[in-house]
Amino acid sequence: MHAIDILDGRLQLAEQARPVPAAGQLLVRVRAAGVNRADLMQAAGRYPPPAGESAILGLEIAGDVLELGEGVTDWQVGDAVFGLVGGGAYAEYCVLDQALAIRKPAALSYEQAAALPEAWMTAWFNLVTLGQLQAGERALIHAGASGVGSVAIQLARWRGAHVATTVGNAAKADFCRALGAELVINYREQDFADAVKAAGGADFILDGVGGDYVARNQRCLNADGRMILIGLLNGLESQLNLGLLLVKRQTIRGSTLRPQPLATKAALATALRDEVLPALLARRLAIHLDRSFALADAQAAHDHLRDNRNLGKVVLTA
C-alpha cells in the first residue's frame, strides 16, 4: 500500500506492507485522515508511538471496512466507519479497534468524519471527564482557532460555561466569536492573564501551549480552579508559583489521549457517538474543516498546521 514515510526529513509517499487486522479489529480502506499537532511532534522525533502501535503517522481515520478480524460481530465489509487509532492513519489502509469504531452517518463526508475523533475525544476527556466543567463556570481555552481549541469552545458553551480564548490575529478572533467565545484575546496585543482576571478569572483552563503560559495561567486561575496541560508549543520549561497553588487550592495536571488504555478511549468513543454526534447532526454543534490535502501532500498539510494558518481542522484524503 501507499503510506507516508519520513525520508530525508520530509514526508513522502512510500510503499509499506498492508496491515492485517488482529482479533477485534477492522481493516479500513482509509478515505480521509485527520492531521494533529501530535503528528508534527512524531515527525520531528519527539513523540514516538506507544508500544505495539504503527509507526506510520496519524491518529484518526474515516473509511470503509475491508476486512474483519477474528471475533468482530457488529460490522460488515463495506460499512462506512470512523474512529481513533494509535497510529497508521496516513496510509491507504489502517486497522481500527472495533471498540473505537463509530458508524459514519450518510450526512457526513469522510473528511468531516475524520475530523471528529481526536479533537472531540480530547476535548470531552479534558473538559468533562477530567476537568468536570460545570454550567456557569468560566473556562479559558488557549489556541481557540486550532482543531482542539475550536471544538473545546463549542463543547464548553454547549455545557453552559462562559468561555474566554486566546488567538493570534483578527481573523481567528472573529472565528472564535462565531463559535461562542465571549472574551477573545489577541495574545500579541495584550496579556491574556490580565484580561481574563479583569473579566472574573477562570475556573478551568485548557492549555496546549505550556512554557511561560503556565505561570500566567496561575495568575488568572480562581480559587479551586483546574488547569489541564495538553501541549507544549511554548516549550518544556515553566515556573510555578507555589504560593498561588497553595492559597488558591489550584489543581494542575498533564493529559495525553494517545497512551490511555483502550477502556478509557472506548468510553470517549461512546460519548462521541451518543452525545456529540447527535448534536452535530442536529446542528447544535459544528464541524469546522479548514483545508483538505491529498495524502501525497502530507508535508504541505504539516507546514500549514505548523505555521498556524488553520481555522479549525486539517485533513488528508487518500
Side-chain angles (χ1 to χ4, degrees), residues 1-3 16-34 36 38 49-125 128-129 151 155 256-282 285 287 295 313 315-318:
M1 68 173 182
H2 287 109
Q16 299 267 8
R18 195 169 86 174
V20 177
Q25 291 183 332
L26 313 172
L27 178 65
V28 177
R29 172 61 172 96
V30 178
R31 303 299 180 183
N36 296 283
E53 299 291 356
S54 172
I56 297 172
L57 299 172
L59 301 176
E60 54 192 342
I61 61 170
D64 303 310
V65 177
L66 187 68
E67 188 178 333
L68 306 177
E70 183 181 353
V72 173
T73 57
D74 295 332
W75 296 92
Q76 295 181 351
V77 171
D79 286 344
V81 64
F82 68 99
L84 188 76
V85 297
Y90 288 20
E92 290 183 294
Y93 303 93
C94 183
V95 292
L96 171 64
D97 195 287
Q98 65 175 345
L100 304 180
I102 302 171
R103 294 186 188 279
K104 185 188 79 67
L108 296 185
S109 68
Y110 287 106
E111 291 90 342
Q112 289 175 314
L116 294 178
E118 177 72 14
W120 283 100
M121 290 168 68
T122 294
W124 189 279
F125 186 46
V128 180
T129 306
V151 162
L155 183 58
T256 54
L257 179 59
R258 193 178 191 182
Q260 294 296 325
L262 179 60
T264 299
K265 294 178 183 178
L268 295 172
T270 298
L272 173 55
R273 183 193 68 202
D274 295 347
E275 303 286 344
V276 173
L277 193 55
L280 287 167
L281 295 173
L285 298 170
I287 302 168
L295 180 63
K313 192 75 177 182
V315 299
L316 302 174
T317 55

Inset, instruction - Write down the atom of Pro50, the atom of Gly86, and the distance for their closest heavy-atom approach. - result: CD-O, 4.4 Å
Inset, instruction - Check Pro117 against Ala114 and note the closest heavy-atom contact, atom names and distance. - result: CD-O, 3.6 Å
Inset, instruction - Determine which pairs satisfy side-chain hydrogen bond (donor to acceptor under 3.5 Å, both in side chains) with at least one residue from residues 61-85, sequence neighbours left out, and list them in order. - result: Arg31-Asp64, Asp64-Tyr110, Asp79-Arg103
Inset, instruction - Any side-chain hydrogen bond (donor to acceptor under 3.5 Å, both in side chains) involving residues 260-280? Give me the pairs, sequence neighbours left out, ordered by first then second residue. - result: none
Legend entry - Leu277 and Leu116, any side-chain heavy atoms less than 4.5 Å apart: yes
Inset, instruction - Please report the closest heavy-atom contact between Gln98 and Gly71, naming both atoms and the distance. - result: NE2-O, 4.1 Å
Got a list of side-chain donor-acceptor pairs under 3.5 Å for residues 52-61, not counting sequence neighbours?
{"residue": "Ser54", "atom": "OG", "partner": "Ile56", "partner atom": "N", "Å": "3.1"}
{"residue": "Glu60", "atom": "OE1", "partner": "Glu118", "partner atom": "N", "Å": "2.7"}
{"residue": "Glu60", "atom": "OE2", "partner": "Asn36", "partner atom": "ND2", "Å": "3.0"}
{"residue": "Glu60", "atom": "OE2", "partner": "Lys313", "partner atom": "NZ", "Å": "2.6"}

Legend entry - ring pair (Phe, Tyr, Trp, His ring centres under 6.0 Å) partners for Tyr90, two or more places apart: His302
Legend entry - Residue list, side-chain contact (heavy atoms from CB on, under 4.5 Å) with Leu262, at least two apart or on another chain: Asp97, Ala99, Leu100
Legend entry - Flag side-chain contact, heavy atom, 4.5 Å: Val95 against Leu26: no
Inset, instruction - Locate the shortest heavy-atom distance separating Ala33 from Ala89; write the atom from each residue and the value. - result: CB-O, 3.5 Å
Legend entry - Shortest non-hydrogen contact from Met1 toward Ala91: CE-CB, 3.7 Å
Legend entry - Closest approach of Ala115 to Val315 (non-hydrogen atoms, all atoms of both residues): CB-CG1, 4.1 Å
Legend entry - Student check: side-chain heavy atoms of Val151 and Thr122 closer than 4.5 Å: no
Inset, instruction - With rounding to the nearest 0.5 Å, note down the distance linking CZ in Arg18 to CD in Glu92. - result: 9.5 Å
Legend entry - All side-chain hydrogen bond (donor to acceptor under 3.5 Å, both in side chains) counterparts of Arg29, not counting sequence neighbours: none
Inset, instruction - Side-chain contact test, heavy atoms from C-beta onward, threshold under 4.5 Å: evaluate it for Trp124 versus Leu155 and give yes or no. - result: yes
Inset, instruction - Sort out for me which residue in Val81, Leu96, Leu27 forms a side chain to side chain contact (heavy atoms under 4.5 Å, CB included) with Val65. - result: Val81
Inset, instruction - Find the distance between CG (Leu108) and CZ (Phe82) and round it off to the nearest 0.5 Å. - result: 7.0 Å
